[in-house]
Amino acid sequence: MYIKFYDMEDEIVSTGQEEQQQQPTTSKSFRVKVYKLIGEGEANWQDQGTGFCVYNMREDEEPDELFVQNEKDQSPLLISKVLEHKEYQKQQDTLIVWNEDQTNELALSFQEPDGCDYIWNLIHERSDNTDNRLRAGLGELESGGITPPLNDSQETAALPIPELSNLPEILNILNNAKTLQDKDRLASFIVPENYIDKLLPIFESCEDLESTDDLHKLYSIMKSIIFLNDNTIIEQIIRDETIIGVLGILEYDPEIPDKRATHRKNLLKHSQLEPVVPIENKTVNSKIQQTLRLKYLKDVILGDTIDDSLVSILHSLIFFNNIDIINYFESNHDYLDELFEIFRDDDASNEKKKEASKFVIQLCIMARAVQTSARAGLARTLAKHGLFDMFPFALCVDDEILRTHATNILASILELDAYLFREYTIEQTRTMDPENTTLGTVLKRFAFDTDPGLKIQFAEIIKASMDLGNGTMVASTMAAEMLRKQDPDTEIYLTVFYDNYCNLFLRPFETLDVKPIKLDGPIEELELTQDQSDLCLYLCDLICFVIRQHSFRSKYLIRSTDCFVKIIQLYRCKHSHIKLAALRVFRTCIGLKDEFYTRHLIKFNIFEPTIRVFLDTDGRDNLLNSACLELVEFIRRENIKSLVEHLITNYGSVLDTINYVSICKMLRLRHEQNIEPDDSNISETEGSNSLERGNGQDITLDDAAAEEEYFNNQSSDEEDHSNELSLTSTDKSKDSHPLVNYGGSDSSDDEMDNDEQQQQQSSPSLSSSPPPSEQQTNTNNNNHNHIEEEDNNNMDTTMTTVTTTNTTTSDDEETKTKSPSPSSPLSTTTESDRLTSPPPLPKRRLNDEDDDEDDVLAAKAGESKRKRTVSSMTSPKKIIINPQIRKLRSNSSK
């Protein structure tokens, strides 16, 4: 059955039924806020919405209902049945709290106390009627319609009038109240009878007589009354007329009979503090005092002895008091203007500004318990009236506690709404000296504050203010540009920051002296205090952050300052974590693979001191050594060619001495691959394997070895298939000059090697060079390098050169029988011989047969291996033809 809401004199109509039945009677409607308790222990009351509450009274056996209709969209906000097992409590004058079930606790906060009293009376009236009906039904069942008289346990419990003689009796009655029903009956007697007020004269008499035993009994009685866990008793205790006497009783703890607490003195000391701007509303003043007393009772007096039920009651009372206080100040704009005007007044004393700061900070601390939206709303309201005018004073005050609280409040504001901080920073920068703004004060305190905890908080504040994604890591320049377009205010803030605050940001590096750091020789140690070390560590992390997030603005920072030079000096510090902080900055720049950072890393000679740090680790298994190895490996893996060339060209001989890992050797191999002829393009065009695969992934040395083994150890099926293809290719070329004339199938390995040498001698590109011999090694190397240059310039020329060389070899086979002198010059070849040589074959197509691909791959593998050997050794090596290829050639010539 769906219930529609009407005004207090309208009827509730049941839809979905054809016959009209007797409908429930509705009460008056009252404006309320609905709250739900979230969490345990120090839980928070979450605002569920505002609406109008009515009490639906049922005439049948169905239970009554508390119904709240949302004032915005007229939807049901709360429908709660009034049941006997639910524990309803009235707190203060405008709250009704109850347990909806075992996990949910709800509260109604009425706008007017009359509405709270009206609904509370209806709940209690209905509950009493339910109890009477239950008892009547039980009586009829047990005695045939006669209700038995109530026993003593059902009667309202009573306590004797307090006197010195009956204090033990009162204490005994309170201690015997173990069940919840017994505690409720005692509480229902204590509150109406003002029993606590009757105990206070007894306490004064005992204190005058210095009767310690009676004072200890009164302490136990008062603790037992408090632990009845009734909110009305707590409200009665914190009244102005009662609180001092109750605190006096609680000073005489029997567990520490030799010492007496000073609760009254402490509370009076804090209660007599006058606000810097007088509060005219007496209700708000009273709630502020009540909140102070409740906190003192919960945190100081009860301490660890408090149970969860009492914690919930005290926390609820504090929470709803805080809401009323916050709402009052948030809506009182005149009060806020007068309050923040103190910070703008140059004639105001520092003591007055300090008191105003404490008041604002306390108000912000109260708001921590409310919802995030309410806290953000309060921050925006305070900012409009001058909240950020307070921080330049509060962050620099000599009171350490106040300075710490001010830093916490500023950090929480940035966590709530970073745009609010940026907006007012831009406004302050336009009208004030940057050093006197809130951001300038934060940067100064970050540089000069000696408290390590505050340094961390200041670093987090700076980071949060510059975070483009409000905590989200921006991984690319495109993402950063997109965020800036979505939030133009952030773009303006970054412009203001880099134009006005860069010097303040990098001020901690100004004290670092610049000393040389060479690969050899002593290094002057950089001595840093603990504060300076922490400061450099946090600043390096912030620089890493802005490099990742701010794209071109971070480049402006690097280009316009000497921060790279200063960061290098951190390598001279003896602490490894400081060296790692500096290394992280350079690793971040390299990780972006941006040409700008690459050029500046080389320009500022970053790698020489970095390699020196690497060498000084001496291969030890520590974090610094691993970080250096990872840096070199990243450069090699990503093949950042300018850095690979820079490292090998300038520091290759030093890196070659690092032999406990293979990373440096692999770096040199990567360099050689980068400078050798671009044969890999041919292999990629033909769809073959190469040192760099088509998907962009690198092949390690193990992969290269596996490829070489593949050519050397093919299966017999592959050999037979290759032989068939070779024979087919030979038959097709009978009418034309063969691509390669192998001479005979029974040629030995040495003869094949000599053939390869003669192929090189007969190459047209070497026709003007002297013949190769053992005495002319250098000349042969020069000719080989000349071939590499030609191959690197044009891929098609390489294919033509290989074809021409193989073709010329067939002519040389016929002249072998004439036994030419090994030292005979190549210039003896006549012009007519060159002219009669067959023309080069056309460029190969992509769909050639597999045998042609094997020949080219084999030639390339042997050529690449020979070139790497020539570049590292002075004596030339022969071109090694794999045995598989030899067999293919032998079979094709048969």
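Between Tyr501 and Thr429 the shortest side-chain heavy-atom distance falls below 4.5 Å. When side chains are defined from C-beta on, Val277 counts as touching Ile342, because their heavy atoms get closer than 4.5 Å. The side-chain heavy atoms of Met222 and Leu199, taken from C-beta on, include a pair separated by under 4.5 Å. Residues Ile234 and Arg293 have side chains not in contact (no heavy-atom distance under 4.5 Å, counting atoms from C-beta outward). Within the 4.5 Å cutoff, side-chain heavy atoms of Ser312 are placed close to those of Leu37. With a 4.5 Å cut-off on side-chain heavy atoms, Phe52 and Val68 do not count as touching. For the pair Val300/His263, a side-chain contact is recorded, criterion being any heavy-atom separation below 4.5 Å from C-beta on. Side-chain contact between His405 and Gln362 is absent, with no heavy-atom pair separated by less than 4.5 Å.
In terms of heavy-atom proximity, Arg375 sits nearest to Arg368 at CD-CA, 3.6 Å. When all heavy atoms of Ala464 and Ala418 are compared, the closest pair comes out as O-CB, 4.1 Å. Residues Val370 and Ala367 share a closest heavy-atom pair of CG2-O, 2.9 Å. When every heavy atom of Leu378 is checked against every heavy atom of Leu363, the shortest pair comes out as CD2-O, 4.3 Å. For Leu336 against Thr381, the heavy-atom pair with the smallest separation is CD1-CG2, 4.0 Å. The two atoms that bring Val397 and Arg403 nearest to each other are O-NH1, 2.9 Å, heavy atoms only.
Here CG of Asn121 is found 9.5 Å from SG of Cys116. Values are rounded to the nearest 0.5 Å. The structure places CD1 of Ile543 at 4.5 Å from CZ of Phe509, a figure rounded to the nearest 0.5 Å. The CG atom of Leu317 lies 10.5 Å from the CG atom of Leu297; values are rounded to the nearest 0.5 Å. Rounding to the nearest 0.5 angstrom, the gap separating the CG atom in Leu247 from the CD1 atom in Ile301 is 4.5 Å. Annotation: the span from Ile226 atom CD1 to Ile313 atom CD1 amounts to 11.5 Å, rounded to 0.5 Å. Rounding to the nearest 0.5 Å gives a distance of 13.5 Å between CG of Asp467 and CD1 of Ile462.
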Practice item. Any chance you could lay out the salt bridge (Lys or Arg N to Asp or Glu O under 4.0 Å) test for Lys223 and Asp253, step after step, and finish with the verdict? Key: CA-CA 10 Å; Lys223 285 288 288 287; Asp253 190 350; over 6 Å; no
Review point. Checking salt bridge (Lys or Arg N to Asp or Glu O under 4.0 Å) for the pair Arg445/Asp451: CA distance, chi angles, key distance, verdict?
Key: CA-CA 10 Å; Arg445 299 312 304 171; Asp451 189 339; over 6 Å; no
Exercise for review: Mind running side-chain contact (heavy atoms from CB on, under 4.5 Å) on Phe497 and Phe505 for me, showing each step along the way?
Suggested key: CA-CA 9 Å; Phe497 181 87; Phe505 179 60; 4.1 Å; yes
Review point. After noting the C-alpha distance and the side-chain angles of Asp534 and Lys455, does the key distance pass the salt bridge (Lys or Arg N to Asp or Glu O under 4.0 Å) rule?
Key: CA-CA 8 Å; Asp534 294 341; Lys455 279 186 183 296; over 6 Å; no
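For the ring pair (Phe, Tyr, Trp, His ring centres under 6.0 Å) with Phe388, the qualifying choice from Phe393, Phe340, Tyr424 is Tyr424, the only one to do so. With Phe421 as reference, Leu439 is the one residue of Leu439, Ile426, Leu416 to meet the side chain to side chain contact (heavy atoms under 4.5 Å, CB included) rule.
Summarising the local packing, CD of Glu415 is surrounded by 12 or fewer heavy atoms from other residues, nucleotides or ligands at distances under 6.0 Å. The 12-atom threshold is exceeded at CD of Glu241, counting heavy atoms of other residues, nucleotides or ligands nearer than 6.0 Å. Remark: Arg430 CZ is loosely packed, at most 12 non-hydrogen atoms of other residues, nucleotides or ligands lying under 6.0 Å away. Taking a 6.0 Å sphere around NZ of Lys384, one finds it holds 12 or fewer heavy atoms contributed by other residues, nucleotides or ligands.
For Ser560 and Tyr498, the side-chain atoms include no donor-acceptor pair closer than 3.5 Å. Asp307 and Ser309 share no donor-acceptor pair across their side chains, judged by distance under 3.5 Å alone. Between Gln236 and Asn194, the side chains place a donor N or O and an acceptor N or O closer than 3.5 Å (distance only, hydrogens not considered). If you check the side chains of Tyr493 and Ser465, you find a donor sitting under 3.5 Å from an acceptor. Side chain to side chain, Tyr296 and His270 fail the donor-acceptor criterion of an N or O pair below 3.5 Å. Looking only at atom types and distance, the side chain of Ser554 has no donor-acceptor partner in the side chain of Arg548 under 3.5 Å away.
Lys33 and Glu71 are not joined by a salt bridge, as no carboxylate oxygen comes within less than 4.0 angstrom of a charged side-chain nitrogen. Classification of Lys463 and Glu460 as a salt-bridged pair fails, no side-chain N sitting under 4.0 Å from a carboxylate O.
Within the 3.5 Å criterion, the main-chain N or O of Lys90 finds a donor-acceptor partner in the side chain of Asn231. Proximity of a side-chain donor or acceptor of Arg260 to a complementary backbone N or O of Tyr252 within less than 3.5 Å is not detected. In terms of modelled atom types and a separation under 3.5 Å, the side chain of Lys352 and the main chain of Val276 share no donor-acceptor contact. A distance-only check finds no donor-acceptor pair linking the side chain of Asp345 to the backbone of Glu341 [under 3.5 Å]. Within the 3.5 Å criterion, the main-chain N or O of Met466 finds a donor-acceptor partner in the side chain of His550. At least one donor-acceptor pair under 3.5 Å links the side chain of Ser533 to the backbone N or O of Thr529.
Between Tyr118 and Phe30, the two ring planes are tilted [angle within 30° to 60°]. Using the six-membered ring where Trp is involved, Phe329 and Tyr335 have ring planes that are tilted, between 30° and 60° apart. The aromatic rings of Phe319 and Tyr35 stand perpendicular to each other, their planes meeting at an angle above 60°, with 30° marking the opposite boundary.
Geometrically, Arg422 engages Tyr419 in a cation-pi contact defined by less than 6.0 Å to the ring centre and at most 45° from the axis.
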